[in-house]
Number of protein chains: 2
Amino acid sequence: MAVPTSSSASPLFLREPEIRRGVELLYFGYSHMTRAIDDELSVQGLGRAHHRALYFIARQPDLTVSELLRLLAITKQSLGRVLNDLAGRALVEQRTGTSDRRQRLLRLTAEGSALEARLFESLREKVSAAYAQAGQGSVAGFWQVLEGLIPESERDVVAGLRKS
Amino acid sequence: MAVPTSSSASPLFLREPEIRRGVELLYFGYSHMTRAIDDELSVQGLGRAHHRALYFIARQPDLTVSELLRLLAITKQSLGRVLNDLAGRALVEQRTGTSDRRQRLLRLTAEGSALEARLFESLREKVSAAYAQAGQGSVAGFWQVLEGLIPESERDVVAGLRKS
DNA sequence: GACGTTGGGACAGCCATATTGACGTATCTA
DNA sequence: TAGATACGTCAATATGGCTGTCCCAACGTC
């Protein structure tokens with residue numbers, strides 16, 4: 001168990017207990033956030049994979065399939081099934097790209113948008129309660145650390161979501 | 001899309017963009033942290049489920065099966081397979097409980113402990129880089145917000161990990 | 001215009017991880 | 001002794017990933 005960087009020369013916050021605390025809180029925090037919408041999803045007969053697609057399409061309408069693939073980091077096959085489900089339930093619709101007609105531009109139908117908003121409401125409750133409880137000063141730190149977990153090569157892809 | 005609490009009366013950090021940013025960063029941060037150990041796990045022929053069990057047993061030796069079930073929030077069935085795999089590879093060993101002989105006390109073998117340490121090393125690199133980049137002041141906020149995501153009813157279970 | 005590349009879709013089959021419900025046994029506790 | 005608890009295990013099922021292969025339409029370029 002001798003971890004080199006647990007030496008007394010490291011800053012306190014880089015020692016093993018602080019790292020483990022971060023790992024555990026990230027695990028439990030993520031788990032509870034995602035479980036917050038499981039009930040509503042299963043009522044709709046959808047799973048978490050469907051929600052992730054729904055979420056990002058809501059976030060960035062006219063997203064292309066390949067952009068969505070990059071965000072989700074899954075294979076074309078896996079996304080295909082999810083997207084077919086969502087299209088079959090008329091939650092998502094596809095248009096041919098304008099500048100590049102090979103592309104499929106994805107967006108939510110009115111129904112899909114309503115569902116995403118309902119699911120987001122559950123997330124909002126969870127997250128805003130956590131923000132409020134932690135206090136405004138904590139939120140910036142929360143963002144900062146999480147950004148540090150994202151490899152630089154992907155940070156711009158994620159940041160692209162905030163432009164819309 | 002009209003979210004009631006997006007009204008101008010809410011603090012800035014409770015409005016939709018700030019909530020979405022948190023949701024997304026939590027998703028990407030968690031994803032990248034867990035992917036950091038996938039390669040090493042698949043070399044061992046193990047999956048993430050095995051790592052989670054390994055992690056918590058390392059964290060709290062002589063954990064009982066039911067305590068582990070609470071932490072992982074999965075069914076006995078699912079845990080059973082994982083635990084059998086780990087025992088079959090001599091990474092985990094079980095002893096009969098002392099005060100209550102119905103219990104099985106779980107702990108890592110020397111080999112299991114070495115593997116967990118190796119996997120933790122990858123997590124440590126990821127998380128400590130994020131901590132260092134964000135700065136010491138951010139870490140407290142990071143913890144605060146994540147704690148707020150955990151229901152009160154479970155906070156003591158999670159906090160119990162820090163006693164050891 | 002031919003050719004290579006790219007965006008998207010689909011086939012088949014497989015694997016990991018979770019679920020439910022039922023049942024059995026050993027052990028603890030009142 | 002009776003009931004509750006801790007653990008293990010049966011069978012069946014669902015979800016969401018994966019690989020490998022193949023295909024087509026559209027784009028870009030020489």
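Every chain is numbered from 1 and lettered A, B, ... according to where its sequence line falls, protein lines coming before strand lines. For clarity, every value in this text was computed on a predicted model and none was experimentally measured.
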| note | When rounded to whole Å, the CZ to P distance for the pair A/Arg48 and D/dT15 reads 13 Å
| Does a donor on one side chain sit under 3.5 Å from an acceptor on the other, for A/Tyr55 and B/Glu24? | yes
| query | Would you say B/Ser66 reaches D/dC7's phosphate, i.e. side-chain N/O to OP1/OP2 under 4.0 Å? | reply | yes
| Sugar-phosphate, base or nothing in reach of B/Gly47, heavy atoms under 4.0 Å | sugar-phosphate
| request: Indicate yes or no for a side-chain donor-acceptor contact from A/Thr109 to the backbone of A/Gly112 under 3.5 Å, with no hydrogens or angles considered. | output: yes
| First encountered from the 5' end of DNA chain D, between B/Glu67 and A/Leu46 | B/Glu67
| message | Distance check needed: C/dC14 P versus A/Gln77 CD, whole Å only. | response | 15 Å
| query | How long is the line joining CG of A/Asn84 and C1' of D/dT15, in whole Å? | reply | 16 Å
| note | Residue set satisfying salt bridge (charged side-chain N to carboxylate O under 4.0 Å, His left out) with A/Arg21, at least two apart, ordered chain then number -> B/Glu147
| B/Arg81 has an atom CZ; how far is it from atom P of C/dA16, in whole Å? | 10 Å
| message | Using a 4.0 Å heavy-atom cut-off to protein, can you give one letter per nucleotide of nucleotides 23-30 of chain C, 5' to 3': B if the base is in contact, S if only the sugar-phosphate is, - if neither? | response | ---BBS--
| Can you tell me how far the CG atom of A/Leu91 sits from the NE2 atom of A/His50, to the nearest 0.5 Å? | 9.5 Å
| said: Just the rounded figure in Å: distance from C1' of D/dG16 to CG of B/Asp38. | reply: 15 Å
| query | Does A/Thr34 reach the main-chain N or O of A/Tyr30 with its side chain, forming a donor-acceptor pair under 3.5 Å? | reply | yes
| said: Please report the distance, rounded to the nearest Å, between CG in B/Leu69 and P in D/dT9. | reply: 13 Å
| said: Taking the basic N atoms (NZ, or NE/NH1/NH2) and the acidic carboxylate oxygens, is any pair closer than 4.0 Å for A/Arg118 and A/Glu121? | reply: no
| request: Scan A/Ser78 against the nucleic acid and name what it touches under 4.0 Å (heavy atoms): base, sugar-phosphate only, or nothing. | output: base
| remark: Taken to the nearest whole Å, CG/B/Leu41 to P/C/dC15 is 19 Å
| remark: Taken in chain and number order and not counting sequence neighbours, the residues that satisfy side chain to side chain contact (heavy atoms under 4.5 Å, CB included) with B/Val158 are A/Phe28, B/Ile150
| query | Any side-chain N or O of B/His50 less than 4.0 Å from the OP1 or OP2 oxygen of C/dA16? | reply | no
| message | So A/Gln94, base contact, sugar-phosphate only, or nothing? Heavy-atom distance under 4.0 Å. | response | sugar-phosphate
| query | With sequence neighbours excluded, what pairs up with B/Glu67 under the salt bridge (charged side-chain N to carboxylate O under 4.0 Å, His left out) test? | reply | none
| task | Look at B/Arg20 together with B/Glu16 and state whether they make a salt bridge at an N to O cut-off of under 4.0 Å. | result | yes
| Contacts of type side chain to side chain contact (heavy atoms under 4.5 Å, CB included), residue B/Arg35, not counting sequence neighbours | A/Ala73, B/Ser31, B/His32, B/Asp38, B/Arg48
| remark: Quick note, A/Arg52 side chain, CB onward, closest among D/dC18, C/dG9, D/dG17 is D/dG17
| note | Considering only heavy side-chain atoms of B/Val65, the closest of C/dG9, C/dA18, D/dC7 is D/dC7
| query | Using rotation axes that map the C1' atoms of four end pairs onto the next four (five pairs an end), what angle separates the end axes of the helix from C/dG1-D/dC30 to C/dA30-D/dT1, to 10°? | reply | 30°
| query | Whole-Å distance between C/dT6 C1' and A/Arg104 CZ? | reply | 13 Å
